[in-house]
Amino acid sequence: MSCNQRDSAEAKKNDVRLNGKKCSWASYMTNSPTMIVMIGLPARGKTYMSKKLTRYLNWIGVPTKVFNLGVYRREAVRSYKSYDFFRHDNEEAMKIRKQCALVALQDVKSYLTEEGGQIAVFDATNTTRERRDLIQAFVKENAFKVFFVESVCDDPDVIAANILEVKVSSPDYPERHRERIVDDFLKRIECYKVTYQPLDPDDYDRDLSFIKVINVGRRFLVNRVQDYIQSKIVYYLMNIHVHSHSIYLCRHGESDYNVEGRIGGDAELSPRGRHFSHALRDFVDEHKLSDLKVWTSQLRRTIQTAEELGVPYEQWKILNEIDAGVCEEMTYEMIHQTFPEEFALRDQDKYHYRYPGGESYQDLVQRLEPVIMELERQGNVLVICHQAVMRCLLAYFLDKSAEDLPYMKCPLHTVLKLTPVAYGCKVEMFYLNVEAVNTHRDRPIGKIPKDSSLIHRRNSYTPLSSHDQVKRPRLYSAGNQPWLPLAPTPSALMPEGLESQEALCEGITYESSEESGGFVCF
Amino acid sequence: MKHRSPSEQHHGKHPRVGDCVAAASSTAQDGMEDKNASTHRELTQNPLKKIWMPYKNGLPEKHISQRKVCMTNCPTLIVTVGLPARGKTYISKKLTRYLNWIGVPTREFNVGQYRRDFMKIYKSFEFFRPDNEEGLKIRQQCASAALNDVRQYLAEDGGQVAVFDATNTTRERRETIIQFAEQNGFKVFFVESVCEDPDVIQENIVQVKLCSPDYTNCNTDEAVEDFMQRIKCYENSYETLDEVLDRDLSYIKIIDVGQRYLVNRVLDHIQSRIVYYLMNIHITPRSIYLCRHGESELNVKGRIGGDSGLTTRGKQFAKKLAQFIQTQSIVDLKVWTSQMKRTIQTAEALAVPYEQWKALNEIDAGVCEEMMYEEIQESHPLEFALRDQDKYRYRYPKGESYEDLVQRLEPVIMELERQENVLVICHQAVMRCLLAYFLDKSAEELPYLKCPLHTVLKLTPVAYGCKVESISLNVDAVNTHREKPENVNVHRSAADALQTVPPHL
């Protein structure tokens with residue numbers, strides 16, 4: 001079931017249930033767009049949560065966009081001088097800041113009502129009741145739902161780390177000394193503290209829907225969850241953690257079917273595939289990945305690959321390769337000959353195309369959602385999977401669109417190391433120097449995927465009375481341009497690094513000798 | 001679903017959480033020698049579950065330390081906290097049912113039941129007074145007897161989660177439990193239910209407590225009065241889970257029947273699943289209607305799977321279903337179908353909006369799709385016999401097992417818990433899985449639950465269980481239910497194998 005459908009499953013009655021007699025405003029509307037409003041002092045990880053949540057929601061198919069008030073403020077006031085701007089008694093600045101908020105809210109409105117957005121994440125401090133009441137009035141006027149996410153943190157170490165990692169590289173602070181920046185930023189926080197009114201679950205805010213995230217996920221207070229998507233958001237926020245860990249993604253070693261050019265099936269490894277599994281063991285040894293968890297699918301080629309590692313591993317059925325239905329075990333030429341129409345349809349919209357009797361990439365994303373949730377919970381994990389599966393997982397971490405997802409480059413015998421940094425994910429590629437066939441089929445040139453009619457293969461036919469006929473576009477948080485380097489390493493900004501980012505997507509061959517990982521930041 | 005483990009034992013222990021299977025090729029201690037040896041392991045497919053497993057010298061490699069590998073690292077003890085009539089038993093039973101259904105062996109231990117077994121006759125609330133020393137002693141004995149059984153269950157009987165259902169209102173009592181858990185290497189997760197709304201408490205007493213064996217011999221008013229006194233006995237010493245004092249414990253506090261939740265230090269996968277589940281259940285009265293699609297072309301031919309349309313009788317059922325739904329005059333009914341033609345055709349006749357779930361599609365019979373049982377017996381006699389031997393765990397070649405289906409249906413169950421009135425138009429195997437959840441049926445019973453065509457089941461939650469009404473809409477249909485045959489041996493004759501196949505064209 002697609003997310004849109006699930007979304008439309010929002011229970012109107014739930015609202016009545018949860019809000020009891022005091023049920024108010026937009027919550028009676030089913031499937032009304034939702035505004036997620038962040039609350040918290042500066043350096044409480046609001047932007048981190050906003051971006052991550054947005055990435056997740058887009059990935060599961062709910063069009064979501066971040067509106068970061070800081071970006072609007074910097075637009076309005078080109079040069080930042082000092083924390084003075086944030087003093088509550090700086091009347092001129094207060095006026096500018098409120099104006100920025102109003103402009104941002106207008107953008108939220110057009111996103112949710114005209115551009116097909118379902119969720120807008122309003123990333124600002126929103127520390128005063130006055131500001132929150134303003135937002136609520138706005139939400140009521142437009143019949144949106146609102147869900148507050150407050151981040152409370154009183155651990156000075158966590159705050160200091162956050163300032164150093166994220167804020168120092170902010171455009172507010174070009175060419176300055178570190179200490180002065182931290183100092184200015186701490187003063188900025190103080191400015192907000194004067195007027196900060198945390199959510200009050202017992203009295204003033206008891207009727208609001210919100211989650212309070214306390215001390216980076218040690219504790220959560222959840223109040224009046226209204227619907228499916230809010231419960232999904234709560235579950236996600238409760239599962240993400242910020243410990244440093246790396247995720248290693250690779251495909252199984254080359255299989256006999258890979259060599260023959262056949263898709264799907266449950267073939268064994270080719271001799272080169274076995275060679276890769278040895279190389280993978282050496283890789284794991286060399287990188288001293290001691291407490292590494294290893295996950296495979298339930299297909300033989302991934303299990304054979306894992307067997308060589310000599311460590312315990314887990315088999316997940318939901319990591320199995322995309323089910324190509326009637327096309328299983330065929331070569332592309334055979335499909336082209338036997339099912340020419342299917343072949344053409346798939347090229348038109350590879351993400352939504354569902355094989356007859358099989359799956360689409362969209363189905364696969366739904367199926368993989370529990371894997372993502374568990375990856376967020378875990379420490380170091382090596383996932384030995386399959387081409388389509390790896391593309392879906394990678395698209396989550398790198399925030400790739402539905403259009404690019406099915407064309408991401410995931411070559412055989414190559415390990416990707418993903419390490420979360422600041423607001424994104426650092427990717428290193430390790431080609432293990434074992435030759436393999438290329439299984440990547442590029443996006444056909446000349447075929448324009450856009451504006452083509454939509455292919456929603458229900459296993460049978462699409463009925464008329466179903467209310468989920470409109471495919472919502474997957475939209476991205478474009479309103480929140482990454483203005484800062486996402487990793488502390490300067491090489492992150494090297495153009496060749498950016499090129500290899502392209503290589504994941506566009507079919508530029510990536511050349512790398514063993515272990516000299518393409519070091520890319522996103 | 002209790003007792004899922006017995007027949008598991010043929011295949012060694014398998015983790016039951018998620019879709020994962022753990023295999024360990026060597027442990028750290030085994031060192032290099034074993035690592036080299038591991039190259040001689042061959043993969044062999046388990047014929048029943050179609051899972052690739054490492055074999056050595058023709059024998060399956062032991063799945064060592066699967067608990068350490070899998071997501072539930074060590075057994076978990078769930079401890080309820082709260083005054084009487086706060087829905088602790090409701091939560092315990094429901095959670096136990098859910099965990100068993102998703103495949104985590106779970107059992108609840110209700111201390112009240114131990115007390116009733118111990119003292120056959122309940123007199124009055126006096127027993128619970130804090131100054132009743134004899135009462136106190138008995139209650140303590142009951143608690144330790146229950147904990148002993150918990151230890152037996154988790155340490156020896158293969159249980160993964162035990163739900164310890166008692167008031168546990170004092171920090172001292174909880175400390176004892178924590179120590180007990182530490183000694184045995186169990187994780188502890190507290191579930192506290194806090195409720196101040198007198199209406200909710202009153203409702204709970206009337207709904208549940210009056211039917212309790214404690215109150216068989218007294219009238220309603222007396223019983224309510226006595227129970228209110230009983231609550232009072234606990235109120236003075238009640239210490240709620242505290243944000244500061246209990247900051248290191250893992251717990252969820254459910255406030256006012258799900259208005260608010262406080263969640264502290266969720267440690268692992270299973271705890272996070274429990275929290276998610278508890279945050280999605282509600283107690284608003286409602287009904288869930290389950291039915292299959294109308295009779296399909298392939299039903300009539302005695303073929304399984306496929307994606308055929310409805311027969312004339314099937315279409316007639318769809319019309320009758322529309323009438324039935326109208327006469328029931330259900331508030332805000334949601335209609336869900338699978339993405340298969342026969343359920344969608346059935347829903348179309350209702351002329352109401354509906355949603356299609358791919359997760360509700362019929363079990364994938366893999367290579368056996370669209371075949372008659374007679375044909376399966378002829379072309380895959382071994383598969384056919386294996387399926388009869390363990391229908392729940394048997395996976396069709398390139399298809400699914402009932403066990404797979406339950407995993408696939410988990411989001412449907414979660415959403416059903418969140419919703420109120422829903423009509424689910426689904427398929428035989430899918431309906432069996434959903435029904436097993438609501439009626440707490442074992443893995444052995446599940447694949448043989450009777451879900452005939454053209455019959456609506458109305459499920460209404462009552463007290464700790466579910467009331468079922470079966471409504472036949474009086475439209476003839478073929479029988480598609482195949483009972484387990486007597487002979488499940490792989491060498492049985494075709495006649496034996498086909499003994500229970502229902503008649504068809």
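All chains are named by letter (A, B, ...) in the order of the sequence lines, taking the proteins before the strands, and each is independently numbered beginning at 1.
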*Test side-chain contact (heavy atoms from CB on, under 4.5 Å) on B:V263 and A:R219 and set out the steps.*
CA-CA 5 Å; B:V263 181; A:R219 188 158 76 235; over 6 Å; no

*Yes or no on side-chain contact (heavy atoms from CB on, under 4.5 Å) for B:Q339 and A:R354, after CA distance, side-chain angles and deciding distance?*
CA-CA 12 Å; B:Q339 290 192 356; A:R354 184 184 280 167; 2.7 Å; yes

*asked:* Apply side-chain contact (heavy atoms from CB on, under 4.5 Å) to residues A:Q298 and B:K50 and explain how you reach the verdict.
replied: CA-CA 9 Å; A:Q298 288 193 356; B:K50 310 290 186 298; over 6 Å; no

*Starting from the C-alpha separation in whole Å, work towards a yes-or-no answer on salt bridge (charged side-chain N to carboxylate O under 4.0 Å, His left out) for B:R273 and A:E374.*
CA-CA 11 Å; B:R273 294 278 289 256; A:E374 200 52 28; over 6 Å; no

*A:L221 and B:K253: side-chain contact (heavy atoms from CB on, under 4.5 Å), yes or no, with the steps?*
CA-CA 9 Å; A:L221 181 75; B:K253 199 189 268 220; over 6 Å; no

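Residues A:K317 and B:R395 form a side-chain contact, since some pair of their non-hydrogen atoms from C-beta on lies under 4.5 Å apart. When side chains are defined from C-beta on, B:R408 does not count as touching A:R367, because their heavy atoms never get closer than 4.5 Å. Contact annotation: the side chain of B:Q259 approaches that of A:R224 to within less than 4.5 Å [non-hydrogen atoms, C-beta and beyond].
Here CZ of A:R218 is found 6.5 Å from CG of B:N264. Values are rounded to the nearest 0.5 Å. One distance of note links CD1 of B:I252 with CZ of A:F220; it measures 11.5 Å at 0.5 Å rounding. Between atom CG of residue A:D266 and atom CH2 of residue B:W52 there is a gap of 5.5 Å, rounded to the nearest 0.5 Å. A distance of 12.0 Å separates CD of B:E417 from OG of A:S231, quoted to the nearest 0.5 Å.
Between A:R206 and B:D256 there is no salt bridge, since no side-chain nitrogen of the basic residue lies less than 4.0 Å from a carboxylate oxygen of the acidic one.
Put simply, of A:E369, A:M373, A:E328, A:M238, the one with the most heavy-atom pairs under 4.5 Å next to chain B is A:M238. Interface remark: of the candidates A:I303, A:N223, A:L299, A:V234, A:N223 forms the most heavy-atom pairs closer than 4.5 Å to chain B.
Looking at B:V275, the atoms closer than 4.5 Å to chain A (heavy atoms on both sides) all sit in the side chain, from C-beta outward. Neither the backbone nor the side chain of B:R286 comes within less than 4.5 Å of any heavy atom in chain A. For B:E243, the parts sitting under 4.5 Å from any heavy atom of chain A are the backbone and the side chain alike. If you measure heavy-atom distances from B:L350 to chain A, you find no contacts under 4.5 Å at all. Contacts between B:K398 and chain A at a heavy-atom distance below 4.5 Å involve the side chain alone, from C-beta outward.
Across every non-hydrogen atom of A:Q304 and B:L43, the tightest pair is CG-CD1, 3.2 Å. For A:Y228 against B:R418, the heavy-atom pair with the smallest separation is N-NH2, 2.7 Å. Closest heavy-atom contact between A:R377 and B:H269: NH2-N, 3.4 Å.
By the salt bridge (Lys or Arg N to Asp or Glu O under 4.0 Å) test, B:R265 pairs with B:D248, sequence neighbours left out.
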